[in-house]
Amino acid sequence: MRATDIIIKKRDKQELTPEEIRFFIKGYTDGSIADYQVAAWAMAVLLNGMNAAETTELTLAMAQSGETLDLSGVVDLALDKHSTGGVGDKTTLVVEPVLAACGCRVGKMSGRGLGFSGGTLDKMESIPGYRTDLSREEFLQQLKDVGLVLTGQTGDLAPADGKLYALRDVSGTVDSPALIAASIMSKKIAAGAQRIVLDVKVGLGAFMTNLQDARALAEMMVAIGAQAGRKTVALLSDMNQPLGHAVGNALEVKEALDTLRGGGPADFREHALDVAAHLLVLAGVESDLPAARQRAAVSLADGSALERFRTLVAAQGGDASYVDDPDKLPGAALIEEVPAPRSGYLQTIHAREVGESAVELGAGRAQKGDPIDHSVGFVIHHKVGDQVQAGQPLFSVHAGDAAKLAAAKARVLAAHHWSDAPVEPLPLFYGTIE
Ligand code: URA
């Protein structure tokens, strides 16, 4: 078998056999198939798609490309959540400590930024000293001792996804339903998750921009979960505008800390509580969603979730004083408050434009392995449907230099679209797939 033939077959819109998919993933993992061949193949998959059988085979091949974790000796039920990626999506930073405060042991392996969407690891690394490279042994030990872990994928878990994820980020091959489904589900399966909540984003700032595609992706992942014996629920959530107000790594950590303190933006808080509630029900901690939501809300109000977050940061080598004093987090050299250029109702805040602009500021990567600037990003003050007066603060830009600030300001001003007539606020969710 030759990698080139497999690339050509997909280029020519043919179905790959299980043997071809396994050969390709094995070759990529062991280095016998080169990055540039995999980038070409990923582009062919993006353009021509994969059917359900190919996607399931790809998922299992990636899940089995390294070791797999069995958490049964450490936790009663291994829980996991995963977002398909969005702008301002700091949900994990709140949901994981909430679950821990509600009595669940949770060990999560997260990712870095992908295209215009931010990544949990990049956000957590805004806290000096915080390690995202725990070994398998450290992961298991911390899960046992502390009950909460938030780290990167250990090198030996689904290594094919580790490589492919970084390659897709910089080769324009992120927004493929088959590649997203395989990426997410291979990690969840390899990491031993038994109950999974998928936060499938839909809208301008998501990889799936319409509900039909997002639903198809969600159904594909729920079906893969079922085939692998993992109970999976997918929530279809809005990503037309940034979630919460903050976009950018340290700014998002600050917003997550506000939320863990019982404050934070209403949309982000509600979103996080809903995701947590689904996990608490799947875990059997509560039997229905309203009770689960109430329990999660109490953990924000009484400070127990914040306390779990502080313990997590300290356990992973981070400076926990940043949790109590978020103003110590990296701050940008230049901050400019941009006023509304007119009065009116906000019709659209184009989330993808905001995310792309944050990447240009340095919050994400242009090339594999690029360093990022944790301090930069935006605080978007309003939500779709808000009535805003001319001159009122619209958003703030946090930038490293004046040229980047000017470009970001222009791009994000243009990402705000106005209406003279009242506009309905956007919903948080569009449905649940079980
Ligand atoms: N999250 C992932 O882990 N992989 C993707 O492809 C997209 C979002």
Side-chain angles (χ1 to χ4, degrees), residues 25 28 38-39 41-43 45-46 49-50 54-56 58-63 65-66 80-93 95-96 107-124 132 150-155 157-193 196-203 205-209 213-214 216-218 220-222 224-225 228 230 232 234-237 239 243 275 351-352 355 359 364-365 368:
I25 293 304
Y28 187 36
V38 181
W41 170 86
M43 186 58 82
V45 171
L46 180 133
M50 275 188 155
E54 289 174 291
T55 308
T56 303
L58 178 64
T59 307
L60 298 178
M62 283 170 44
S65 62
D80 213 339
K81 81 157 272 282
H82 203 94
S83 158
T84 56
V87 178
D89 184 7
K90 66 240 21 130
T91 308
T92 294
L93 274 57
V95 167
E96 298 295 297
K108 173 154 170 56
M109 295 189 193
S110 282
R112 299 200 175 275
L114 191 62
F116 60 84
S117 101
T120 299
L121 300 183
D122 296 331
K123 294 172 205 198
M124 290 303 289
T132 57
L150 184 51
T151 184
Q153 223 164 301
T154 62
L157 272 190
D161 178 61
K163 292 179 82 173
L164 188 54
Y165 190 91
L167 188 69
R168 286 167 56 220
D169 184 26
V170 291
S171 60
T173 52
V174 173
D175 348 27
S176 147
L179 295 180
I180 294 174
S183 164
I184 292 178
M185 293 309 289
S186 64
K187 282 188 284 244
K188 303 297 104 177
I189 293 168
I196 304 165
V197 169
L198 299 170
D199 188 3
V200 179
K201 305 286 186 196
V202 54
F207 297 122
M208 298 297 113
T209 50
D213 290 349
L217 172 64
M220 196 188 292
M221 291 195 287
V222 169
I224 294 171
R230 321 296 167 104
T232 307
L235 311 178
L236 293 164
S237 64
M239 188 35 77
L243 185 59
V275 173
R352 185 169 186 140
V359 172
R365 298 176 180 78
K368 253 168 87 168

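Order of listing sets the numbers, starting from 1, for every ligand and every atom in it.
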Checklist entry - N/O of S183 under 3.5 Å from N/O of ligand 1, yes or no? => result yes
Checklist entry - Sub-3.5 Å donor-acceptor pair from the side chain of R230 to the main-chain atoms of I189, do we have one? => result yes
Item to check | Per atom 7 (C) of ligand 1, closest listed option by heavy atom (D161, L179, L114, T173) | outcome: L114
Checklist outcome for this item: among protein heavy atoms, the one nearest atom 1 (N) of ligand 1 is H82 NE2, 3.4 Å
Next on the checklist: Would you say D89 and S83 are linked by a side-chain donor-acceptor pair, where the criterion is simply a distance under 3.5 Å?
Outcome noted: yes
Item to check | Residue pair K81 / E96, side-chain heavy-atom distance below 4.5 Å | outcome: yes
Checklist outcome for this item: One finds that the ligand 1 atoms under 4.0 Å from a non-hydrogen atom of R168 are 5 (C), 6 (O)
Item to check | Flag, side chain of S117 to backbone of G85, donor-acceptor distance under 3.5 Å | outcome: no
Checklist entry - Which of the numbered atoms in ligand 1 are below 4.0 angstrom from a heavy atom of Y165? => result 2 (C), 3 (O), 4 (N)
Next on the checklist: Taking distance alone, with N or O pairs closer than 3.5 Å, would you say T84 contacts ligand 1?
Outcome noted: no
Item to check | Test log, rule side-chain contact (heavy atoms from CB on, under 4.5 Å), inputs L167 and Y28 | outcome: CA-CA 11 Å; L167 188 69; Y28 187 36; 3.5 Å; yes
Item to check | Contacting atoms of ligand 1, where contact means under 4.0 angstrom from a heavy atom of K187 | outcome: 2 (C), 3 (O), 4 (N)
Checklist entry - What heavy-atom pair brings G225 and T232 nearest, and what distance separates the two atoms? => result CA-OG1, 3.6 Å
Checklist outcome for this item: Honestly, for S83 the part within reach of ligand 1 (heavy atoms, under 4.0 Å) is backbone
